[in-house]
Each structure stands twice: as C-alpha cells, then as structure tokens.
Amino acid sequence: MLYSSLFVLALQSGLSIRGVQATQSPSHEKRALDTAAIAKKYFGNDAPWYQDRIAYFECSDTQIQDVFYYRQKIFRAHQRDLGAKGFISTEFLDDVGWQLQPYASLNDATGFHIGEGRWNRDRRFKDDYINYMLGGGDDRHFTDYIQDSVWGSYLVDNDVPSATKWIEQMKTLYNQWSDHFDTSKGLYYIEPLLDATEYTISSIDASGGQDGFTGGDAFRPSINSYMYANGRAIAKIAALAGQSDVATDYNNRATTLKNNVQKSLWNSTLSHFIDRYQVSNNYVKYWDPIRGRELVGIVPWTFNLPDNSTEYASSWKHILNANELGGPYGLRTVEPSYQYYMRQYRYEGTQRECQWNGPVWPFQTTQALLAMSNLLDHYQQSVVTNADYLRLLKQYAALHYQSSSTLNLQEDYDPATGKAIVGLARSPHYFHSGYIDLIMTGLVGIRPRADDFLEINPLITSDIKYFRAEQVPYHGTNIVVQWDADGSRYGQGAGLRVERDNVVIATSSTLKRLVIPFQKKAIIAINRPIAKSIQLQSSTSYPVGSASSGTDVENVHDAIDGRIWFFSELVNGWNSDVNSATAQWYTVTFQSATQISRAEIAWFDNGNDFVAPTAYSIQVLSNGNWVDIGGQQKSAIVANGITNVQFTSTSVTQVRLAMTQPSGKRTRLVEVKYF
C-alpha cells in the first residue's frame, strides 16, 4: 500500500490531517457485508452479473437501501448491447418513436446514465456509452451536459485516456450549440420540448394557455447551466491533455456565461432563477420574465454556478415551502400558484401524458438533490440542512414504490398523492433520473476529486444509525465508507471509518468531513468481449434469427436485439407459441462464416406459463443435419439469469439453440449471444 509522504508522516506521529485521525497501524479487515448473499437477495438468479461489478450499500433506512439495489437493476436492464459499438444506456426499456434509430438512444438523460455508471466497478458500460455519444450518437435532440459528465466520471476512475479521448468532439459539440445562442444577451435559449420539459410556463403561456407541447423558446436556467458546466469541463479536460490555450478559452466562456446567468436570469422579486422569453408573439414578449417559479430554477446549483451569496441561497426556501415547490409527496416542477398548474393538456388515448406544469419528475428531482448536496457540502448558507436533504431523499425513494412491496419507477407523479400519473406501456422502470449517484455523493458523502485526496462528507442526521458503502471504485482502488453511530452494527468502534482495499486509512469518532491523502493506482484495462449475434433492426439484415414457432418478425428479432431484462411488466424476447411442441429451436444465421466459442443465454420464468427449458444444446449443420457442436461445457439451466456454455471454437454460418420446453408451458428466450 502506497501513501503520500505527508500521510506517512502523520501515521508515524499520530497527527490529524484536516479532520482525519490517521490510523497508527493500518489493519486488514474482513468485509462487513456478505456481498454474495446481498446479490442473491436482490437479484436472484441474475446475481452473477452484479456480484463483481456493483458497489454495495447497507443502511439503517431499509427503504433507501432497497431502492439502491432496485436502481442497480434499472441500470443493468437499460444496458443495450450494440455489438461492435459496445453498450449504451437507454432511457426507455423498449422502443419509442423519438429515439435515435436503430440504437434506441436518447441524449437527454446522458448525465444520469454516466453519473450512475461511474460507480460501477466495470468501467465498460459508462465508457462504451461515452464513446458512442461522443462518437456521433449525441444528435442534440435534447439539451445535455455530457462534457461535464465525462469530467465527473474521470473524478471517480482517474482514467485519463477515457477523459481526453474525445476532447475535439467535445469542443465541436459545444460550439454547435451556437445555433441556440443569442449574442445580444450572451445566453443560450431553447424550446422547452427540446429541453425535455414540455408544458412548462414558457411554452404554455406562449400558446395563450391553449397548449404548450411545442413553442415557448426561452433563455432557461437549465441549458445555460449545462453549457456553463460543459465549458468548465472542457477547460479541465483540455488542461489534462496539455492544451492550456483551450483551457483558458473555455474557462473564459464559462465565466462570462455564469455572470450573464446571474445578471439576467436571477429574479429578485421571485428570489429564484427563472426563464426569460426568447420568442415574441400575441401572448409573450422577448426578454420578459416568465410569471412563476419552476424547479428548473434550482439547476444552477447542480453545476455549482451561483456565487456563494445569501441572496442566491434564498431561492432554496421555495423548495422547502409546502405551498410552493415542496409538495407533500415530491418536488413540484411548477408552483400551485401558476394559473395552469396540473392542467392536463395531452393524452395518449384516454391516458394522461407527461407534462411538467406541476407533476413530480424524477429527472428534475435528481438534479435538485444533486444541487442540494452541493449547497450543503461547499456553500455557506442557513436555509437548508442535512435533515432537509435526508427528508427529500426519503421522499424520492418512496416514489419508486407502486405498492408497499413493488418497486417500479414511472415517468411522473402527482405531488399531492405520490401516485404515478402516466403509467403508459413505455413507462415501467424508467431510466430518466439518478439515485446511486445521490447515495454515493450525498448520503455516503464521497466528493470525488482530481487530486491525490479522498474527501468524505456524509450528509446525514441522527436518523441514520449506520451505513456501509463497500467495494466502491475510486482512483484505481476499492474503498469502504462506514458510519456506525454507537459501534453496535459493525463492532469496529463508533463513528466514521474509511478503508482502502480492506486497509483502514482513516477514522473519526464523530461525523465530520475527512480529507485523506490518497495516492492513485494504475487503472485496469477494460475487458470488451463483443457479441457477434446482435441485430439492432428487425429486418432481414444479417445476423438474422429464425425460430421453430412464434415466427412474427418482431417476436423473433427480440432474442438478438441486445436487450436483457427480466421485469414482467414489459415483454422482452422470443416467445414460443401457445401449445407448441416440446422441441423448440432458435437459429442465428450470419452473413458469412463466423468464429464462435461460447454463448450466453437468458431465459425468462414467471412461475406460470413461461418456464426455462428442461434441456438445451448448441447445434451446427453437418451434412444437412443439425448436430451438437463439439466440446460443450454447459452451466446449469438458469431462469431469469444467464446460462453460460462454452464449446470448441467453430466457424459457422448458422448456429442453433435447441431447447426442450415442458409440456403445456412456453419458452421465452430473452436473449442469446454468441461470442
């Protein structure tokens, strides 16, 4: 174990370094959490996927803990395998009409996807996603803050090549937004729909209250905060890459934008950051302010934009006010005083569609909680306390429950009841928000840094009797952060405790900020096996699937579309026909001879009509007959998890998965991948 010379000196003398009681003799400790048992409890047969990838978290508030592991399931379910292009994170589990085809990507939630992924010990998922987005996948369909997210990822993993790889594309993407920049005001503007926030004050009022899905272009706190953060991130990444002139340029741009936001978007009457109209029509006029407060006015703190002042901090009182943005079951997107608060404009058939004129939105709730953690961590103010953060975090966690025992995050919620509003076919297990990042940076208090220090500042109260975050990736190592108020939970003494690769590196008997010298370790190369059987389009393009029954094109395609989830709310995979024969098969045909040596198979079991096969085999054509491929080493058949099989490396143009389904039951092949 390596330590900086300063820390070694402290260890020798027993000195305290900036709140850290250096341990006299680092001792090896057995992990306090039974991670195998935790993975089995929360993920069932799919536990092996999570076991060596995720960070683990235990907390005296079991609901906060349960939602943490549910959000790990959401992250896993939304990893779409694109084959040679790697993995991306999707927003919806299944296809929607406005996604980027054929990948099913949407760029508006990119910040959350990377923010969650940076705490996964397998860096492939967030890294592949960055490569995809900055390699052309970010079509600017919506606003986003991907450059800032790349920097945030670097702060956790210290992967310099990943952070600097796309510096030129980051600059290009940033400069493309000049088409939404008003040089006379020095601010960016956007239509709320393209800010992913349709039916907000600017768009509704620009229609005279008649609609609000489109229109209402405005200088918004969101896009300007994103561009400020992106500019700062480009500057920092450019400095990493040795481009000092670029760093100076983008720092200057960000500083100018920050000043213009504070000068022009701060409304002293409302004591809040608000929109100003960029459009003029019969209802609204250019540069006029909107007539109410929205939750988006908190977003500047998500990116540390506002100055540390009492005036700006006064905005936070509206978050805490039950008659303003602080709804009883969640943060309102618009205050009840607004004329069109919660008026429903849009439907899909008879079902209500998403609107942001009052409903609770996990997207902006996440941003607000990230903003609040920043406020509490490094701003001086007297409006918000740790108790407020914890209360709102618990409130947000509760939204994930559709019943007392069913976790299923939806698109939006009624702030008066906490019940889901939309509930459309596309809505279950929606990945348009963050949670793991909130736990790690807020409750646990890991404040990632670029230098050789580890900073810990848990935002908790006496309500949290204990927590332990374990196997958390940081700067090439795994760390543990533990709080045990009275020492009874873990039997390792009361207080705060930090470990690095199972060695205690700091303790404190009281809850306080710890800043610990922390020398980085070399990162491990990412392992990127490529599935050769992925087909993103349900067409006759190769590779192509075929099946013994259930031969509808979409049904067949679903088994090789790169998507794996086991939620019962949304069908995923090839389904054999009702009352079909016990012998079933699924064949993948390649365009040309392809070398394969193993397969990963995912079957679904709902405990009713769909069950896993009783037997299976991988087969190839030989003299016109299907025969078992040689050297098969099969793992046991797994339902709602991954069944692995290895075999002699073979060149094939067709490969068949033969299955025996129980009589009277059906097979759902969620996905089959050949490597």
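Counting begins at 1 with the first residue of the sequence.
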Notebook entry, point to check: Passes side-chain hydrogen bond (donor to acceptor under 3.5 Å, both in side chains), Arg220 versus Thr197? Steps please.
Noted result: CA-CA 11 Å; Arg220 310 199 78 216; Thr197 52; 2.8 Å; yes

Notebook entry, point to check: Step by step, would you call Glu91 with Tyr430 a side-chain hydrogen bond (donor to acceptor under 3.5 Å, both in side chains)?
Noted result: CA-CA 6 Å; Glu91 180 179 327; Tyr430 186 44; 2.9 Å; yes

Checklist line | Criterion side-chain hydrogen bond (donor to acceptor under 3.5 Å, both in side chains) on Tyr129 and Thr110, from CA distance to verdict | finding: CA-CA 9 Å; Tyr129 189 53; Thr110 295; 3.2 Å; yes

Next item on the list: I would like to know whether Phe92 and Phe431 meet side chain to side chain contact (heavy atoms under 4.5 Å, CB included); could you show each step before the answer?
Entry: CA-CA 6 Å; Phe92 297 92; Phe431 194 15; over 6 Å; no

Next item on the list: Could you go through the side-chain hydrogen bond (donor to acceptor under 3.5 Å, both in side chains) check for Thr366 and Tyr396 one step at a time?
Entry: CA-CA 9 Å; Thr366 306; Tyr396 176 42; 3.2 Å; yes

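Using cut-offs of 30° and 60° on the angle between ring planes, the pair Tyr70 and His400 is perpendicular. Under the 30°/60° scheme for interplanar angles, the aromatic rings of Phe112 and His432 are found to stand perpendicular. Under the 30°/60° scheme for interplanar angles, the aromatic rings of Tyr226 and Phe303 are found to stand perpendicular. Relative ring orientation between Phe273 and Trp301 is described as perpendicular, the plane-to-plane angle rising above 60° on a 0-90° scale split at 30° and 60°. Classified by interplanar angle (parallel below 30°, tilted 30° to 60°, perpendicular above 60°), the ring pair Trp361/Phe363 is parallel. Ring geometry for Tyr250 versus Tyr174: interplanar angle over 60°, hence perpendicular rather than tilted (30 to 60°). Ring planes of Phe125 and Phe75: perpendicular class, angle over 60° (limits at 30 and 60°).
Side-chain contact of Tyr286 with Asp182: a donor-acceptor pair under 3.5 Å is present, judged by distance alone. Between Asn107 and Asp144, the side chains place a donor N or O and an acceptor N or O closer than 3.5 Å (distance only, hydrogens not considered). Side-chain contact annotation: Arg232 with Thr255, donor-acceptor N/O pair under 3.5 Å present. Residues Lys673 and Ser533 have side chains that never bring a donor and an acceptor to within less than 3.5 angstrom of each other. For Arg332 and Tyr341, the side-chain atoms include at least one donor-acceptor pair closer than 3.5 Å. Checking Ser315 against His272 by side-chain atom types alone, a donor-acceptor pair falls below 3.5 Å. Checking Gln367 against Thr302 by side-chain atom types alone, no donor-acceptor pair falls below 3.5 Å. Donor-acceptor pairing under 3.5 Å is recorded for the side chains of Tyr132 and Ser105.
Between the side chain of Asp249 and the backbone N or O of Asp245, no donor-acceptor pair lies under 3.5 Å. Put simply, the side chain of Gln402 never gets that close to the backbone of Leu407: no donor and acceptor are under 3.5 Å apart. For His141 (side chain) and Leu100 (main-chain N/O), no donor-acceptor pair under 3.5 Å exists by modelled atom type. His378 places no side-chain N or O within 3.5 Å of a backbone atom of Asn304 that could act as its donor or acceptor partner. Side chain of Gln355 to backbone of Tyr199: no donor-acceptor contact under 3.5 angstrom is found. Checking side-chain atoms of Lys258 against main-chain N and O of Leu305 turns up a donor-acceptor pair under 3.5 Å.
For Trp316 and Tyr379, the distance between ring centers is not under 6.0 angstrom. Taking the centre of each ring, Tyr312 and Trp266 come in below the 6.0 Å mark. Between Phe567 and His429, the ring centre distance stays below 6.0 Å.
Note that the OH atom of Tyr188 and the OG atom of Ser222 stand 13.5 Å from one another [nearest 0.5 Å].
Using a 4.0 Å cut-off between charged nitrogen and carboxylate oxygen, Asp414 and Lys419 do not count as a salt-bridge pair. The residues Arg123 and Asp159 are annotated as salt-bridged, a charged nitrogen and a carboxylate oxygen being separated by less than 4.0 angstrom. Ion pair Asp179/Arg140 flagged as a salt bridge, since at least one NZ, NE, NH1 or NH2 atom sits closer than 4.0 Å to an Asp/Glu carboxylate oxygen. The residues Arg426 and Glu411 are annotated as salt-bridged, a charged nitrogen and a carboxylate oxygen being separated by less than 4.0 angstrom. A salt bridge is defined here as a Lys NZ or Arg NE, NH1 or NH2 lying under 4.0 Å from an Asp or Glu carboxylate O, and Lys85 with Asp128 fails to meet this definition. One finds a salt bridge joining Asp561 and Arg563 here, because a Lys/Arg side-chain nitrogen approaches an Asp/Glu carboxylate oxygen to under 4.0 Å. With respect to the salt-bridge test (charged N to carboxylate O, under 4.0 angstrom), the residues Asp211 and Arg346 do not qualify. Salt-bridge check for Asp127 with Arg528: passed, with a basic side-chain N closer than 4.0 Å to an acidic carboxylate O. In summary, Arg447 and Asp377 engage in a salt bridge, as defined by a charged side-chain N under 4.0 Å from a carboxylate O.
Cation-pi geometry between Arg71 and Phe68 is not met at under 6.0 angstrom from the ring centre and within 45 degrees of the axis.
Test Asn224, Ile223, Asp275 against Ile190 for side chain to side chain contact (heavy atoms under 4.5 Å, CB included) and you get one pass: Ile223.
Contact detail for Val334 and Leu325: the closest heavy-atom pair is C-CD2, 4.1 Å.
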